[in-house]
Amino acid sequence: MATTTPSRGRRRAPSRMTRAAGKAAALQKPRVILALLLLLALTSVMLLDGYLRAEVGGDERVRSNASSSKVPDKILDGGPILSFRGGEAQSQSVPEKTIALTFDDGPNPTWTPQILKILEENDVPGTFFVVGSMVSRYPSIVKDLVNQGNEIGIHTFTHVDLSYQSDDRIAREMDQTQLALAGAAGITTTLFRAPYSSEADAIDNYSWPVYKKLGEEGYTSVFVDTDSDDWKRPGVSKIIKWATPSKNKGASVLFHDAGGERSQTVKALGTYIKKMKAKGYTFTTISGAIRQTESANQQANGQTGQTGQNGQQPGSEQGEQSEQAGGQAPGGQQGQQGQQPGQDGQLGQSGQAGGVNSLQAAHRTATGTTLYEGKALVAAVAVAEWTVPGLATGLAVVGVAVMGRFGMMLILARRHYRQRNKRRFSWGPTVTQPVSVIVPAYNEKECIANTLESLAKSTHPIEIIVVDDGSTDDTSQIARDAARSFGMTNVRVIRQENAGKPAALNNGVRSASYDIVVMMDGDTVFEPDAVHQLVQPFADPEVGAVAGNAKVGNRNTIIGAWQHIEYVMGFNLDRRMYDLLRCMPTIPGAIGAFRRDAVLEVGGMSEDTLAEDTDITIAMHRGGWRVVYQEHARAWTEAPASLKQLWSQRYRWSYGTMQALWKHRKSLTDKGPSGRFGRVGMPLVVIFQIVTPVFAPLIDVFTAYSMIFIDFKAALLAWLAVLGLQLVCAAYAFRLDREKYRYLLMMPLQQLAYRQMMYLVLIHSCITALTGGRLRWQKLKRTGEVGTPAGVS
């Protein structure tokens, strides 16, 4: 593509042009901000997803064998339910022959619904200590769980050992889980079970302050009496055995509905419930067990005048059993009158069947800010749950496409080189007739003399037409003086009113004396045999246009070196590939040649797009002409020297390419040569120059994310592997172009900095195109430091 001499607005309407330019400039800033916000939003979604999966902020430390010297003995020797009413630690036990089924680590989309089904079939409730991140990912399961009459407790948001965490982290773990519950089921809860906890006697000096702090905030901490150890997957019979309380004791029994493969838990649970019912056990929630214990204590202290079933006085065995059953009925009513203890092994089941909602005393209805923040959290997580896997899949496809492109470039570039450099290869009879060289120039006073000096050394007969496109400096006079200085009698300087580069080129084509026209930029210098090499393919009558080999002349700066790598690897390897596929999309404005009649036949250089070089090249394909790449025709151009100028140039290139592709979109359905380009060249350009580069920044974001939060070594090795493959491609490209390998030392830094900028430029261009924006030409500042080719190293 052209690197210089952008077209300018017409002088006939300066006020209108000024207003349009000002409006365009005013619109660019919001689009840049939008592009950055999109990237920030995707990064935030990834971080949220990583946090939910404990990749971000995950802490796998688990404390063990710590001293419990600061924990009161009555707590260590007490029951599994710990509260701090009135600021004083109190422990409670589950009543005899009563089981509070508890499940940790859920919800899980596979196992939790199966467990809920078993509980519903057996008409028993459970208490589920849920992980907040799982709640936010599977809110519908939590809603079903609550609607079925089960109870919810908090198991932290990311399943971390809170004894290692700061007060702020503890507060976040609790608050975020409460928000997740509010968003999922419209509730909050007062129950809590710490990850990695077991029986109350395992409380140590590090976890005790955590329980005290949470107790003061109104939480009831729940431990375990009997552990099924189902996470070990020991077999169904052992799970049932280990979950069975000894000597008819009541128990808080631990199972898991998530955290691993839980098929044995599912198989064991139904059998376990039936076995315990047969032994005369009743099932309740943690809140139900608390109320039963408190009611029994009140009766023992003579604080209730209510009678048990069949007239039994409080304190009798039958009355106690009735109170246990009745405590599960709505409003704390007594169990169904006439139900005898142990009847059918289902003591108090009538109270359970009608009163599951009364067992959810730990639940509070979420209202106000908590409810709306909870719904927002669940919605954000839903977006992350859909977006991140979709992006991962898309990026995998992009990665495969990029790797495939590298492989295709290597194979086709090698084939192209071997084919074109055979001793017997020939385009046909040597082309010796004179050609016209057109040099469009706008304010090129720093460069035009060097350009003409290089053309003065041409080994091929040429006429030179300098078209001064309304320059406001001394470009025309400098060109005339240079021609006289170099003794050039074949130079014509044509001045025109400022109309833009396409108009200047068309003026030159109309003024040309010869059938072949060479187009170049006003800041470019040709090697002595560049024109001769460039025009040789025209010996083949099918060839309508030839792309030369553009080189970066000012490559001794970091930005210049990066562009040098890009030119050699990206542009020239691409052109070799496209040449063999007969679908080259762009002849560089710095060095290209055309049949004059072919240019006029397709309507000349169009002003419809900002990439007139891509536009004319596609038009040549659609006109039935063959476009080829001549690697031996070398020209040296001055690349942008600052990041700002580079951004402006590449932004124009990207946007102009999109315009050209859209303009020629009908080639997709055309027949003949036009259809060939539309169905081969256009998809390749769209995939490799637009789609994959747009998504490529996310590959880098994923890589950085993986290095920081997942597996640094694996991510680094993957990144180095891709970089190694790119280095191989670049080294091969440098070998084909006979370039010095030392510039490849800049390639790792190019991948970290330069490439990201090019991605942002493309994203910016896409947003401009999608929002219907217009982009104006911008003149790049030139220094004239690219002299004759002999001076370039």
Side-chain angles (χ1 to χ4, degrees), residues 37-60 103-113 116 128-147 150 152-160 162 165 168-189 192-193 195 256-260 363-395 698 701-702 704-706 708-710:
L37 286 177
L38 285 174
L39 193 58
L40 177 62
L42 290 173
T43 303
S44 299
V45 166
M46 289 170 54
L47 291 173
L48 175 59
D49 189 73
Y51 184 55
L52 297 174
R53 301 173 191 274
E55 294 166 350
V56 179
D59 189 341
E60 298 180 355
F103 300 88
D104 281 6
D105 297 345
N108 177 277
T110 301
W111 310 115
T112 303
L116 289 177
F128 290 77
F129 290 92
V130 295
V131 177
S133 60
M134 302 293 285
V135 172
S136 60
R137 292 173 63 190
Y138 308 111
S140 61
I141 298 177
V142 179
K143 189 174 183 179
D144 292 342
L145 189 155
V146 173
N147 290 340
N150 299 287
I152 298 274
I154 288 178
H155 202 45
T156 72
F157 194 83
T158 58
H159 203 276
V160 294
L162 295 183
Q165 310 305 321
D168 288 342
R169 175 66 183 272
I170 293 172
R172 288 199 304 271
E173 291 285 329
M174 304 300 289
D175 293 346
Q176 288 166 353
T177 307
Q178 295 282 29
L179 287 178
L181 289 173
I187 64 163
T188 59
T189 183
F192 166 71
R193 173 177 284 163
H256 294 82
D257 64 321
H363 294 177
R364 304 287 185 269
T365 300
T367 59
T369 303
T370 300
L371 178 62
Y372 292 114
E373 288 182 355
K375 289 184 178 297
L377 172 62
V378 170
V381 171
V383 171
E385 285 289 289
W386 282 96
T387 301
V388 174
L391 283 175
T393 301
L395 293 180
L698 298 180
V701 172
F702 263 82
Y705 172 90
S706 300
I708 297 171
F709 300 117
I710 302 178

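All values below come from the heavy atoms of this structure, side chains included, with hydrogens, waters and symmetry mates left out.
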Reported [atom1]-to-[atom2] distance for the pair [X] and [Y], which is rounded to 0.5 angstrom:
X	Y	atom1	atom2	answer
H155	F192	NE2	CZ	8.5 Å
D175	F157	CG	CZ	11.0 Å
M134	D105	CE	CG	8.5 Å
I154	L181	CD1	CG	6.0 Å
M174	T188	CE	OG1	11.0 Å
I152	F128	CD1	CZ	7.5 Å

Step by step, work out the side-chain contact (heavy atoms from CB on, under 4.5 Å) result for R169 and V160. CA-CA 10 Å; R169 175 66 183 272; V160 294; 3.5 Å; yes
Side chain to side chain donor-acceptor pair (under 3.5 Å) against T112, all qualifying residues, sequence neighbours excluded: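 Checked T112 against side chain to side chain donor-acceptor pair (under 3.5 Å); matches are D257.
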Exam field: side chain [X] to backbone [Y], donor-acceptor pair closer than 3.5 Å:
X	Y	value
W111	G260	yes
T365	I187	no
Q178	T189	yes
N147	K143	yes
T177	E173	yes

What pair of heavy atoms forms the shortest contact from V378 to A184, and how long is it?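 So the minimum-distance heavy-atom pair works out to CG2-N, 3.9 Å.
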Residue pair V142 / P107: nearest heavy atoms and the distance that separates them: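 That would be CG2-CG, 3.7 Å.
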Distance-only donor-acceptor check, side chains T156 and R172, under 3.5 Å: no
Close side-chain approach of L145 and L116, heavy atoms under 4.5 Å: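 With C-beta onward as the side chain, the pair touches.
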